[in-house]
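Since the structure comes first, as C-alpha coordinates, the remarks are kept for the end.
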Amino acid sequence: MRVLGIETSCDETGVGVFDGDRGLLAHAVYSQVEIHAEYGGVVPELASRDHVRKTLPLIRQVLREVGLPKESIDGVAFTAGPGLIGALLVGAAVGRALAWAWGVPAIGIHHMEGHLLAPMLETPAPTFPFVALLVSGGHTQLLEAAAIGRYRLLGESLDDAAGEAFDKTAKILGLPYPGGPALARLAEHGDPQRYRFPRPMTDRPGLDFSFSGLKTFTLNTLQRETARTHDPARTRADIARAFEEAVVDTLVIKCRRALRQCANRRLVVAGGVGANRRLRARLDAMAAQEDAEVFYPRPEFCTDNGAMIAYAGWQRLRAGQAEPLAFKPRSRWPMEELPPV
Amino acid sequence: MNILAVDTSGEACSAALLIGTELRQRLAREPRRHGELVLTMMDGLLAEAGIGLTRLDALAFGRGPGSFTGVRIATSVVQGAAYGAELPVVPVSTLAALAQGYFRSNGSSRVLAAFDARMGELYWGSYLLGDGDLMRAAGAEEVASPEAVALPAGGSWSGVGGGWATYGEVLRGRLGSRLLAVTPDTLCESRDVAVLAAAELAQGHWVTAEQARPLYLRERVTSSG
(Lines give C-alpha, C1' and ligand atoms only; values in the text may rest on other atoms or scores of the structure.)
Protein backbone atom coordinates (compact mmCIF):
# COMPACT_ATOMS: atom_id res chain seq x y z
CA MET A 1 0.00 0.00 0.00
CA ARG A 2 1.27 3.44 -1.00
CA VAL A 3 0.08 6.55 0.84
CA LEU A 4 0.38 10.26 0.06
CA GLY A 5 0.72 12.43 3.18
CA ILE A 6 -0.04 16.15 3.44
CA GLU A 7 0.96 18.40 6.35
CA THR A 8 -0.29 22.01 6.68
CA SER A 9 -0.87 22.52 10.40
CA CYS A 10 1.36 25.55 10.90
CA ASP A 11 3.99 27.35 8.82
CA GLU A 12 5.37 24.48 6.78
CA THR A 13 3.78 22.78 3.80
CA GLY A 14 4.92 19.15 3.69
CA VAL A 15 4.18 16.29 1.32
CA GLY A 16 5.49 12.73 1.36
CA VAL A 17 4.79 9.31 -0.12
CA PHE A 18 5.27 6.16 1.97
CA ASP A 19 5.20 2.66 0.51
CA GLY A 20 4.60 -0.35 2.76
CA ASP A 21 7.17 -2.46 0.90
CA ARG A 22 9.72 0.11 -0.14
CA GLY A 23 9.55 2.67 2.67
CA LEU A 24 9.64 6.41 2.07
CA LEU A 25 9.66 7.10 -1.67
CA ALA A 26 9.90 10.91 -1.68
CA HIS A 27 9.11 13.96 0.35
CA ALA A 28 9.40 17.73 0.20
CA VAL A 29 8.85 20.59 2.62
CA TYR A 30 8.25 24.23 1.85
CA SER A 31 8.92 26.50 4.82
CA GLN A 32 7.14 29.84 5.22
CA VAL A 33 9.70 31.10 7.72
CA GLU A 34 10.60 34.14 5.61
CA ILE A 35 6.97 35.22 5.34
CA HIS A 36 6.53 35.33 9.11
CA ALA A 37 10.02 36.58 10.02
CA GLU A 38 9.12 40.25 9.75
CA TYR A 39 6.27 39.76 12.22
CA GLY A 40 8.38 37.83 14.75
CA GLY A 41 5.89 34.95 14.79
CA VAL A 42 3.46 32.98 12.65
CA VAL A 43 0.58 35.07 11.26
CA PRO A 44 -2.24 32.51 10.83
CA GLU A 45 -3.97 34.20 7.89
CA LEU A 46 -0.71 34.53 5.96
CA ALA A 47 0.09 30.88 6.73
CA SER A 48 -3.28 29.74 5.32
CA ARG A 49 -2.86 31.88 2.21
CA ASP A 50 0.53 30.38 1.52
CA HIS A 51 -0.64 26.79 1.98
CA VAL A 52 -3.24 27.39 -0.78
CA ARG A 53 -0.42 28.41 -3.12
CA LYS A 54 2.03 25.67 -2.19
CA THR A 55 0.19 22.43 -1.40
CA LEU A 56 -0.72 21.30 -4.92
CA PRO A 57 2.61 22.25 -6.56
CA LEU A 58 4.37 20.30 -3.78
CA ILE A 59 2.14 17.25 -4.35
CA ARG A 60 2.94 17.38 -8.06
CA GLN A 61 6.66 17.73 -7.35
CA VAL A 62 6.73 14.77 -4.94
CA LEU A 63 4.71 12.52 -7.25
CA ARG A 64 7.07 13.39 -10.09
CA GLU A 65 10.01 12.37 -7.88
CA VAL A 66 8.29 9.12 -6.99
CA GLY A 67 8.11 8.47 -10.71
CA LEU A 68 4.96 6.39 -10.58
CA PRO A 69 1.57 7.24 -12.06
CA LYS A 70 -0.81 8.87 -9.63
CA GLU A 71 -3.11 5.88 -10.02
CA SER A 72 -0.55 3.94 -8.00
CA ILE A 73 -1.42 5.88 -4.83
CA ASP A 74 -3.70 3.78 -2.64
CA GLY A 75 -4.65 6.32 0.00
CA VAL A 76 -4.30 9.93 1.15
CA ALA A 77 -3.46 11.10 4.67
CA PHE A 78 -3.69 14.69 5.84
CA THR A 79 -3.01 16.40 9.15
CA ALA A 80 -6.38 16.96 10.82
CA GLY A 81 -5.09 18.67 13.98
CA PRO A 82 -3.99 20.05 16.32
CA GLY A 83 -2.77 23.30 14.77
CA LEU A 84 -3.93 26.51 13.13
CA ILE A 85 -7.46 25.80 11.99
CA GLY A 86 -7.31 27.83 8.77
CA ALA A 87 -4.03 26.19 7.79
CA LEU A 88 -5.31 22.70 8.64
CA LEU A 89 -8.42 23.25 6.52
CA VAL A 90 -6.35 23.77 3.37
CA GLY A 91 -4.49 20.46 3.63
CA ALA A 92 -7.61 18.60 4.74
CA ALA A 93 -9.69 19.98 1.85
CA VAL A 94 -7.05 19.31 -0.79
CA GLY A 95 -6.27 15.87 0.61
CA ARG A 96 -9.84 14.73 1.12
CA ALA A 97 -10.94 15.98 -2.32
CA LEU A 98 -7.94 14.40 -4.00
CA ALA A 99 -8.73 11.02 -2.43
CA TRP A 100 -12.34 11.40 -3.54
CA ALA A 101 -11.30 12.16 -7.12
CA TRP A 102 -8.88 9.22 -7.15
CA GLY A 103 -11.44 6.94 -5.57
CA VAL A 104 -9.12 5.92 -2.71
CA PRO A 105 -9.61 6.08 1.09
CA ALA A 106 -8.48 9.08 3.12
CA ILE A 107 -7.50 9.50 6.75
CA GLY A 108 -7.04 12.52 9.03
CA ILE A 109 -3.87 12.23 11.11
CA HIS A 110 -3.03 13.71 14.49
CA HIS A 111 -0.02 15.95 13.95
CA MET A 112 1.71 14.77 17.13
CA GLU A 113 1.13 11.12 16.25
CA GLY A 114 2.96 11.93 13.04
CA HIS A 115 5.90 13.25 15.05
CA LEU A 116 5.71 10.34 17.49
CA LEU A 117 5.95 7.76 14.69
CA ALA A 118 8.57 9.66 12.66
CA PRO A 119 11.50 7.69 14.21
CA MET A 120 9.93 4.57 12.64
CA LEU A 121 11.08 5.91 9.27
CA GLU A 122 14.66 5.24 10.47
CA THR A 123 16.73 2.06 10.87
CA PRO A 124 16.72 0.65 13.47
CA ALA A 125 13.15 1.65 14.21
CA PRO A 126 11.79 1.58 17.76
CA THR A 127 9.28 -1.10 18.69
CA PHE A 128 6.33 -0.73 21.06
CA PRO A 129 6.00 -0.17 23.95
CA PHE A 130 8.14 2.93 24.44
CA VAL A 131 8.25 6.23 26.25
CA ALA A 132 8.07 9.30 24.01
CA LEU A 133 9.20 12.86 24.52
CA LEU A 134 7.40 15.16 22.08
CA VAL A 135 9.11 18.48 22.23
CA SER A 136 8.45 21.32 19.80
CA GLY A 137 7.35 24.93 19.57
CA GLY A 138 3.79 23.94 20.34
CA HIS A 139 4.13 20.92 22.63
CA THR A 140 6.17 19.42 25.43
CA GLN A 141 4.74 16.06 26.39
CA LEU A 142 5.86 12.75 27.82
CA LEU A 143 3.77 9.82 26.68
CA GLU A 144 3.71 6.09 27.15
CA ALA A 145 2.99 4.47 23.78
CA ALA A 146 1.76 0.86 24.01
CA ALA A 147 0.82 0.58 20.32
CA ILE A 148 -0.39 2.81 17.50
CA GLY A 149 -3.27 4.83 18.90
CA ARG A 150 -2.71 3.63 22.45
CA TYR A 151 -1.07 6.57 24.15
CA ARG A 152 -1.09 7.59 27.79
CA LEU A 153 -0.10 11.12 28.74
CA LEU A 154 2.52 11.01 31.51
CA GLY A 155 3.19 14.72 31.79
CA GLU A 156 3.19 17.94 29.82
CA SER A 157 4.11 21.59 30.02
CA LEU A 158 1.79 23.63 32.19
CA ASP A 159 2.73 26.82 30.35
CA ASP A 160 5.19 27.42 27.49
CA ALA A 161 6.34 24.53 25.32
CA ALA A 162 10.12 24.05 25.37
CA GLY A 163 10.47 25.31 21.79
CA GLU A 164 8.33 28.32 22.60
CA ALA A 165 10.60 29.08 25.59
CA PHE A 166 13.60 28.84 23.25
CA ASP A 167 12.00 31.26 20.78
CA LYS A 168 10.86 33.77 23.41
CA THR A 169 14.22 33.70 25.19
CA ALA A 170 15.97 34.19 21.85
CA LYS A 171 13.85 37.30 21.32
CA ILE A 172 14.95 38.61 24.76
CA LEU A 173 18.55 38.05 23.69
CA GLY A 174 17.92 39.99 20.49
CA LEU A 175 18.28 37.01 18.14
CA PRO A 176 16.52 36.91 14.75
CA TYR A 177 13.29 34.91 14.16
CA PRO A 178 12.96 31.95 14.45
CA GLY A 179 15.05 32.20 17.55
CA GLY A 180 15.33 28.64 18.85
CA PRO A 181 18.05 27.35 16.51
CA ALA A 182 19.84 30.73 16.68
CA LEU A 183 19.89 30.50 20.48
CA ALA A 184 21.35 27.00 20.29
CA ARG A 185 24.10 28.27 17.97
CA LEU A 186 24.89 31.17 20.30
CA ALA A 187 24.99 28.78 23.26
CA GLU A 188 27.78 26.81 21.52
CA HIS A 189 30.11 29.70 22.39
CA GLY A 190 28.86 30.11 25.95
CA ASP A 191 30.50 29.08 29.21
CA PRO A 192 28.30 26.50 30.96
CA GLN A 193 29.80 27.32 34.36
CA ARG A 194 29.25 31.07 34.47
CA TYR A 195 25.53 31.15 35.26
CA ARG A 196 23.23 28.52 36.68
CA PHE A 197 19.53 28.74 35.85
CA PRO A 198 16.82 26.84 37.78
CA ARG A 199 15.57 23.40 36.63
CA PRO A 200 11.81 24.03 36.95
CA MET A 201 9.67 21.39 38.69
CA THR A 202 12.49 18.88 39.07
CA ASP A 203 12.52 19.23 42.87
CA ARG A 204 9.18 17.48 43.21
CA PRO A 205 7.74 14.21 41.89
CA GLY A 206 5.78 14.13 38.66
CA LEU A 207 6.42 14.49 34.95
CA ASP A 208 4.95 17.90 34.18
CA PHE A 209 7.05 20.80 32.92
CA SER A 210 7.04 24.57 33.30
CA PHE A 211 9.31 26.69 31.13
CA SER A 212 7.82 30.18 31.26
CA GLY A 213 9.79 31.13 34.40
CA LEU A 214 13.07 30.58 32.57
CA LYS A 215 12.49 33.41 30.15
CA THR A 216 11.85 35.79 33.06
CA PHE A 217 15.00 34.49 34.70
CA THR A 218 16.86 35.17 31.45
CA LEU A 219 15.51 38.71 31.24
CA ASN A 220 16.48 39.48 34.85
CA THR A 221 19.95 37.99 34.42
CA LEU A 222 20.50 39.87 31.15
CA GLN A 223 19.48 43.21 32.68
CA ARG A 224 21.63 42.70 35.77
CA GLU A 225 24.70 41.48 33.89
CA THR A 226 24.51 43.93 30.99
CA ALA A 227 24.93 46.76 33.49
CA ARG A 228 28.18 45.31 34.85
CA THR A 229 29.80 43.55 31.89
CA HIS A 230 32.60 44.77 29.63
CA ASP A 231 31.85 42.06 27.08
CA PRO A 232 28.12 42.01 26.30
CA ALA A 233 28.51 39.48 23.46
CA ARG A 234 30.25 37.02 25.80
CA THR A 235 27.55 37.60 28.43
CA ARG A 236 24.76 36.89 25.96
CA ALA A 237 26.44 33.66 24.85
CA ASP A 238 26.92 32.58 28.47
CA ILE A 239 23.28 33.34 29.27
CA ALA A 240 22.13 31.43 26.17
CA ARG A 241 24.24 28.49 27.33
CA ALA A 242 22.84 28.62 30.87
CA PHE A 243 19.28 28.73 29.48
CA GLU A 244 19.88 25.81 27.13
CA GLU A 245 21.55 23.79 29.91
CA ALA A 246 18.52 24.38 32.13
CA VAL A 247 15.99 23.27 29.51
CA VAL A 248 18.04 20.27 28.41
CA ASP A 249 18.76 19.20 31.98
CA THR A 250 15.08 19.46 32.90
CA LEU A 251 14.02 17.40 29.88
CA VAL A 252 16.65 14.75 30.63
CA ILE A 253 15.67 14.50 34.31
CA LYS A 254 12.02 13.97 33.39
CA CYS A 255 12.82 11.46 30.63
CA ARG A 256 14.88 9.40 33.08
CA ARG A 257 12.05 9.55 35.56
CA ALA A 258 9.50 8.51 32.90
CA LEU A 259 11.60 5.51 31.77
CA ARG A 260 11.92 4.31 35.36
CA GLN A 261 8.26 4.92 36.15
CA CYS A 262 7.15 2.91 33.10
CA ALA A 263 9.87 0.29 33.58
CA ASN A 264 10.73 0.82 29.93
CA ARG A 265 14.09 0.93 28.15
CA ARG A 266 13.11 2.63 24.91
CA LEU A 267 12.81 6.39 24.56
CA VAL A 268 11.55 8.04 21.38
CA VAL A 269 12.28 11.74 20.93
CA ALA A 270 10.44 13.79 18.32
CA GLY A 271 9.52 17.36 17.45
CA GLY A 272 11.60 20.39 16.46
CA VAL A 273 13.56 20.66 19.75
CA GLY A 274 14.48 17.00 19.29
CA ALA A 275 16.99 18.21 16.68
CA ASN A 276 18.92 20.11 19.39
CA ARG A 277 22.42 18.59 19.51
CA ARG A 278 23.03 19.18 23.19
CA LEU A 279 19.71 17.56 24.07
CA ARG A 280 20.60 14.52 21.95
CA ALA A 281 24.04 14.18 23.52
CA ARG A 282 22.66 14.42 27.06
CA LEU A 283 19.80 12.00 26.39
CA ASP A 284 22.25 9.51 24.90
CA ALA A 285 24.42 9.76 28.00
CA MET A 286 21.44 9.31 30.30
CA ALA A 287 20.21 6.32 28.28
CA ALA A 288 23.63 4.68 28.54
CA GLN A 289 23.44 4.95 32.33
CA GLU A 290 19.91 3.55 32.34
CA ASP A 291 20.77 0.77 29.88
CA ALA A 292 18.15 2.20 27.55
CA GLU A 293 18.00 3.09 23.86
CA VAL A 294 17.01 6.45 22.39
CA PHE A 295 15.43 6.78 18.93
CA TYR A 296 15.37 10.03 16.99
CA PRO A 297 14.12 10.91 13.55
CA ARG A 298 16.71 12.40 11.20
CA PRO A 299 16.87 16.17 11.85
CA GLU A 300 14.75 17.07 8.81
CA PHE A 301 11.90 14.91 10.20
CA CYS A 302 12.05 16.59 13.62
CA THR A 303 10.35 19.64 12.15
CA ASP A 304 6.98 19.45 10.39
CA ASN A 305 6.95 17.29 7.28
CA GLY A 306 4.67 15.24 5.06
CA ALA A 307 6.68 12.01 5.35
CA MET A 308 5.55 11.40 8.94
CA ILE A 309 1.92 12.02 7.98
CA ALA A 310 2.21 9.58 5.06
CA TYR A 311 3.70 6.99 7.44
CA ALA A 312 1.06 7.46 10.17
CA GLY A 313 -1.60 7.39 7.44
CA TRP A 314 -0.22 4.13 6.05
CA GLN A 315 -0.35 2.58 9.53
CA ARG A 316 -3.99 3.51 9.97
CA LEU A 317 -5.23 2.98 6.41
CA ARG A 318 -3.73 -0.50 6.16
CA ALA A 319 -5.60 -1.35 9.36
CA GLY A 320 -8.80 -0.44 7.53
CA GLN A 321 -9.40 2.93 9.15
CA ALA A 322 -10.69 5.71 6.89
CA GLU A 323 -12.72 8.91 6.99
CA PRO A 324 -16.04 9.83 5.42
CA LEU A 325 -16.21 12.66 2.87
CA ALA A 326 -16.74 15.19 5.66
CA PHE A 327 -13.53 16.81 6.87
CA LYS A 328 -13.43 18.63 10.16
CA PRO A 329 -9.95 19.51 11.39
CA ARG A 330 -9.48 20.36 15.06
CA SER A 331 -7.25 23.07 16.50
CA ARG A 332 -7.15 21.11 19.78
CA TRP A 333 -7.12 17.34 19.95
CA PRO A 334 -5.86 15.30 22.93
CA MET A 335 -3.78 12.35 21.72
CA GLU A 336 -5.46 10.03 24.18
CA GLU A 337 -8.67 10.38 22.14
CA LEU A 338 -7.09 8.63 19.15
CA PRO A 339 -8.54 5.23 18.24
CA PRO A 340 -6.26 2.20 18.51
CA VAL A 341 -5.35 0.30 15.37
CA MET B 1 -21.63 21.34 -21.11
CA ASN B 2 -21.19 19.53 -17.77
CA ILE B 3 -19.96 21.53 -14.80
CA LEU B 4 -19.83 20.84 -11.07
CA ALA B 5 -19.72 24.09 -9.06
CA VAL B 6 -19.24 24.83 -5.37
CA ASP B 7 -19.51 27.85 -3.18
CA THR B 8 -18.52 28.12 0.48
CA SER B 9 -17.71 31.83 0.56
CA GLY B 10 -20.42 32.89 2.96
CA GLU B 11 -23.07 31.61 5.31
CA ALA B 12 -24.29 28.94 2.89
CA CYS B 13 -22.50 25.91 1.55
CA SER B 14 -23.73 24.79 -1.84
CA ALA B 15 -22.86 22.56 -4.76
CA ALA B 16 -24.54 22.54 -8.18
CA LEU B 17 -24.34 20.19 -11.12
CA LEU B 18 -25.01 21.51 -14.61
CA ILE B 19 -25.56 18.83 -17.24
CA GLY B 20 -26.38 20.42 -20.55
CA THR B 21 -29.11 22.81 -19.52
CA GLU B 22 -30.27 20.83 -16.51
CA LEU B 23 -29.20 22.26 -13.17
CA ARG B 24 -29.45 20.65 -9.74
CA GLN B 25 -28.26 22.20 -6.52
CA ARG B 26 -27.76 21.29 -2.88
CA LEU B 27 -27.55 24.08 -0.37
CA ALA B 28 -27.30 24.28 3.42
CA ARG B 29 -27.23 27.44 5.45
CA GLU B 30 -24.90 26.11 8.10
CA PRO B 31 -21.93 28.35 8.75
CA ARG B 32 -18.77 26.65 10.07
CA ARG B 33 -19.86 23.28 8.67
CA HIS B 34 -18.76 23.82 5.08
CA GLY B 35 -15.93 21.28 5.34
CA GLU B 36 -18.32 18.64 6.58
CA LEU B 37 -20.85 19.28 3.83
CA VAL B 38 -19.22 20.29 0.59
CA LEU B 39 -17.77 17.00 -0.69
CA THR B 40 -20.84 15.06 0.40
CA MET B 41 -22.96 17.46 -1.66
CA MET B 42 -20.68 17.13 -4.70
CA ASP B 43 -20.62 13.35 -4.44
CA GLY B 44 -24.39 13.19 -3.93
CA LEU B 45 -25.11 15.28 -7.02
CA LEU B 46 -22.93 13.11 -9.24
CA ALA B 47 -24.43 9.92 -7.82
CA GLU B 48 -27.96 11.22 -8.33
CA ALA B 49 -27.15 12.06 -11.95
CA GLY B 50 -25.43 8.71 -12.36
CA ILE B 51 -22.20 10.17 -13.71
CA GLY B 52 -18.60 10.22 -12.59
CA LEU B 53 -16.17 13.11 -12.27
CA THR B 54 -14.55 12.18 -15.57
CA ARG B 55 -17.75 13.03 -17.45
CA LEU B 56 -17.43 16.66 -16.40
CA ASP B 57 -15.99 19.40 -18.60
CA ALA B 58 -14.84 21.50 -15.66
CA LEU B 59 -15.09 22.27 -11.97
CA ALA B 60 -16.12 25.77 -10.92
CA PHE B 61 -15.94 27.60 -7.60
CA GLY B 62 -16.86 30.86 -5.97
CA ARG B 63 -13.33 32.32 -5.75
CA GLY B 64 -14.32 35.24 -3.51
CA PRO B 65 -14.52 37.79 -2.22
CA GLY B 66 -16.00 36.45 0.99
CA SER B 67 -14.95 34.74 4.21
CA PHE B 68 -11.21 34.03 3.85
CA THR B 69 -11.53 30.57 5.35
CA GLY B 70 -14.69 29.81 3.39
CA VAL B 71 -13.19 30.84 0.07
CA ARG B 72 -10.13 28.71 0.82
CA ILE B 73 -12.27 25.65 1.50
CA ALA B 74 -13.88 25.85 -1.96
CA THR B 75 -10.53 26.62 -3.61
CA SER B 76 -8.75 23.73 -1.89
CA VAL B 77 -11.52 21.22 -2.54
CA VAL B 78 -11.60 22.18 -6.20
CA GLN B 79 -7.80 22.13 -6.45
CA GLY B 80 -7.70 18.59 -5.05
CA ALA B 81 -10.59 17.26 -7.11
CA ALA B 82 -9.50 18.94 -10.36
CA TYR B 83 -5.92 17.72 -9.96
CA GLY B 84 -7.12 14.21 -9.15
CA ALA B 85 -9.58 14.04 -12.05
CA GLU B 86 -7.50 16.16 -14.45
CA LEU B 87 -10.20 18.71 -15.04
CA PRO B 88 -10.02 22.40 -15.93
CA VAL B 89 -11.16 24.90 -13.32
CA VAL B 90 -13.28 28.01 -13.73
CA PRO B 91 -12.98 30.54 -10.88
CA VAL B 92 -16.10 32.74 -10.62
CA SER B 93 -16.63 35.98 -8.73
CA THR B 94 -18.96 35.51 -5.78
CA LEU B 95 -20.26 39.06 -6.29
CA ALA B 96 -21.08 38.29 -9.93
CA ALA B 97 -22.78 35.05 -8.88
CA LEU B 98 -24.81 36.97 -6.31
CA ALA B 99 -25.92 39.41 -9.01
CA GLN B 100 -26.67 36.53 -11.38
CA GLY B 101 -28.83 34.95 -8.68
CA TYR B 102 -30.75 38.14 -8.19
CA PHE B 103 -31.40 38.34 -11.94
CA ARG B 104 -32.58 34.70 -11.84
CA SER B 105 -35.07 35.34 -9.04
CA ASN B 106 -36.14 38.95 -9.75
CA GLY B 107 -35.24 39.68 -13.36
CA SER B 108 -33.26 42.74 -12.28
CA SER B 109 -30.82 43.90 -14.92
CA ARG B 110 -28.81 46.36 -12.78
CA VAL B 111 -27.44 45.05 -9.53
CA LEU B 112 -25.14 46.48 -6.88
CA ALA B 113 -23.76 43.42 -5.08
CA ALA B 114 -22.28 43.84 -1.61
CA PHE B 115 -20.96 41.53 1.12
CA ASP B 116 -20.04 42.72 4.59
CA ALA B 117 -16.22 42.71 4.70
CA ARG B 118 -16.16 43.76 8.40
CA MET B 119 -13.71 46.37 9.68
CA GLY B 120 -16.07 49.07 8.38
CA GLU B 121 -15.80 47.92 4.77
CA LEU B 122 -17.70 45.95 2.15
CA TYR B 123 -16.89 43.89 -0.90
CA TRP B 124 -18.58 45.64 -3.76
CA GLY B 125 -19.33 45.31 -7.43
CA SER B 126 -21.81 46.67 -10.05
CA TYR B 127 -23.36 44.28 -12.57
CA LEU B 128 -25.35 44.85 -15.75
CA LEU B 129 -27.34 42.29 -17.69
CA GLY B 130 -25.54 41.35 -20.91
CA ASP B 131 -25.90 38.84 -23.74
CA GLY B 132 -27.14 35.37 -22.92
CA ASP B 133 -28.91 36.54 -19.77
CA LEU B 134 -25.58 36.81 -17.99
CA MET B 135 -24.63 39.50 -15.52
CA ARG B 136 -21.45 41.36 -16.50
CA ALA B 137 -19.22 43.49 -14.31
CA ALA B 138 -19.78 47.20 -14.91
CA GLY B 139 -16.65 48.10 -12.93
CA ALA B 140 -13.91 46.58 -10.84
CA GLU B 141 -14.67 44.59 -7.69
CA GLU B 142 -13.36 46.37 -4.62
CA VAL B 143 -13.12 46.39 -0.87
CA ALA B 144 -13.90 49.84 0.53
CA SER B 145 -15.93 51.72 3.10
CA PRO B 146 -19.59 52.40 2.16
CA GLU B 147 -18.68 56.08 1.81
CA ALA B 148 -15.97 55.25 -0.72
CA VAL B 149 -17.33 52.47 -2.96
CA ALA B 150 -17.63 53.45 -6.62
CA LEU B 151 -21.22 54.12 -7.71
CA PRO B 152 -22.24 53.40 -11.29
CA ALA B 153 -22.61 56.37 -13.65
CA GLY B 154 -26.33 56.38 -14.28
CA GLY B 155 -29.61 54.46 -14.13
CA SER B 156 -31.61 52.80 -11.41
CA TRP B 157 -30.17 49.91 -9.44
CA SER B 158 -31.08 47.12 -7.03
CA GLY B 159 -28.97 46.53 -3.94
CA VAL B 160 -28.30 42.87 -3.09
CA GLY B 161 -26.36 40.98 -0.43
CA GLY B 162 -25.36 41.16 3.22
CA GLY B 163 -23.39 44.37 2.81
CA TRP B 164 -26.72 46.17 2.45
CA ALA B 165 -27.83 44.96 5.88
CA THR B 166 -24.82 46.48 7.61
CA TYR B 167 -24.21 49.59 5.52
CA GLY B 168 -27.64 50.12 3.92
CA GLU B 169 -28.16 53.54 5.42
CA VAL B 170 -24.98 55.10 4.04
CA LEU B 171 -25.50 53.45 0.64
CA ARG B 172 -29.14 54.60 0.42
CA GLY B 173 -28.02 58.11 1.28
CA ARG B 174 -25.48 58.05 -1.54
CA LEU B 175 -27.75 56.53 -4.20
CA GLY B 176 -30.98 58.37 -3.31
CA SER B 177 -33.73 57.85 -5.86
CA ARG B 178 -31.47 55.75 -8.11
CA LEU B 179 -32.00 52.85 -5.73
CA LEU B 180 -34.98 50.73 -6.77
CA ALA B 181 -34.94 47.98 -4.18
CA VAL B 182 -32.73 46.47 -1.50
CA THR B 183 -32.57 42.75 -0.74
CA PRO B 184 -29.89 42.11 1.87
CA ASP B 185 -30.64 38.47 2.62
CA THR B 186 -29.77 37.05 -0.83
CA LEU B 187 -26.88 34.57 -0.76
CA CYS B 188 -24.31 33.59 -3.33
CA GLU B 189 -25.33 30.17 -4.70
CA SER B 190 -23.34 27.62 -6.64
CA ARG B 191 -26.03 27.23 -9.33
CA ASP B 192 -25.27 30.80 -10.40
CA VAL B 193 -21.54 30.06 -10.19
CA ALA B 194 -22.22 27.14 -12.59
CA VAL B 195 -24.13 29.30 -15.09
CA LEU B 196 -21.42 31.96 -15.20
CA ALA B 197 -18.72 29.28 -15.37
CA ALA B 198 -20.36 27.61 -18.38
CA ALA B 199 -20.20 30.92 -20.27
CA GLU B 200 -16.56 31.43 -19.28
CA LEU B 201 -15.61 27.91 -20.31
CA ALA B 202 -17.35 28.36 -23.67
CA GLN B 203 -15.05 31.35 -24.21
CA GLY B 204 -12.03 29.20 -23.38
CA HIS B 205 -11.52 30.90 -20.02
CA TRP B 206 -10.27 28.39 -17.49
CA VAL B 207 -7.23 27.64 -15.32
CA THR B 208 -5.42 24.52 -14.14
CA ALA B 209 -5.95 23.09 -10.66
CA GLU B 210 -2.71 24.69 -9.45
CA GLN B 211 -3.71 28.06 -10.84
CA ALA B 212 -7.02 28.01 -8.96
CA ARG B 213 -6.65 30.68 -6.29
CA PRO B 214 -8.91 32.65 -4.00
CA LEU B 215 -9.52 36.34 -4.62
CA TYR B 216 -9.47 37.99 -1.21
CA LEU B 217 -9.53 41.66 -2.32
CA ARG B 218 -8.30 42.53 1.18
CA GLU B 219 -4.54 42.02 1.12
CA ARG B 220 -3.75 43.84 4.34
CA VAL B 221 -4.27 41.20 7.03
CA THR B 222 -1.80 42.26 9.71
CA SER B 223 -1.74 45.48 11.68
CA SER B 224 1.74 46.31 10.41
CA GLY B 225 1.45 44.94 6.89
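Side chains are part of it too, since the values below use all heavy atoms of this structure and drop only hydrogens, waters and symmetry mates. Numbers restart at 1 for each chain; the letters A, B, ... are given by sequence-line order, proteins then strands.
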- Part of residues 19-35 of chain A lying next to chain B, heavy-atom separation under 4.5 Å: none
- Query: What part of B:L53 lies closer than 4.5 angstrom to a heavy atom of chain A: side chain, backbone, both or neither?
  - Reply: side chain
- Proximity breakdown for B:L56 and chain A, heavy-atom pairs closer than 4.5 Å: neither
- What are the two closest non-hydrogen atoms of B:R213 and A:V52, and how far apart are they? NE-O, 4.3 Å
- Message: Are there residues of residues 316-326 of chain A whose heavy atoms fall under 4.5 Å of chain B's heavy atoms? If so, which?
- Response: A:L325, A:A326
- Message: So if I take each residue of residues 94-105 of chain B and look for any heavy atom under 4.5 Å from a heavy atom in chain A, which residues do I end up with?
- Response: none
- How many angstroms lie between atom OG1 of B:T75 and atom CG of A:L56, to the nearest 0.5 angstrom? 11.5 Å
- side chain to side chain contact (heavy atoms under 4.5 Å, CB included) between A:F327 and B:V77: does it pass, once the steps are laid out? CA-CA 11 Å; A:F327 52 89; B:V77 161; 3.7 Å; yes
- Task: Identify which part of B:V78 has an atom lying under 4.5 Å from any heavy atom of chain A, answering side chain, backbone, both or neither.
- Result: neither
- Query: In terms of heavy-atom proximity below 4.5 Å to chain A, should B:T40 be classed as side chain, backbone, both, or neither?
  - Reply: both
- Item | Interface residues of residues 59-72 of chain A facing chain B - heavy atom cut-off under 4.5 Å | A:I59, A:R60, A:L63, A:K70
- Looking only at A:A101, A:A93, A:G86, A:G91, the option with the highest number of non-hydrogen pairs under 4.5 Å against chain B is A:A93
- Over all heavy atoms of both residues, which pair between B:R218 and A:R49 is shortest? Give the atoms and the distance, please. O-NH2, 3.0 Å
- Item | Derivation and outcome, side chain to side chain contact (heavy atoms under 4.5 Å, CB included), residues B:R33 and A:K328 | CA-CA 8 Å; B:R33 289 197 59 216; A:K328 192 184 182 186; over 6 Å; no
- Between CH2 on residue A:W100 and CG on residue B:D43, distance to nearest 0.5 Å: 6.0 Å
- Task: Mark yes when over 12 heavy atoms from residues, nucleotides or ligands other than B:E169 sit less than 6.0 Å from its CD; otherwise mark no.
- Result: no
- Message: I need the B:R72 CZ to A:E45 CD distance, nearest 0.5 Å.
- Response: 4.0 Å
- Task: Flag the one option from B:T69, B:L87, B:I73 with the top tally of heavy-atom pairs under 4.5 Å to chain A.
- Result: B:I73
- Query: Checking A:V43 against chain B: side chain, backbone, both or neither under 4.5 Å from a heavy atom?
  - Reply: side chain
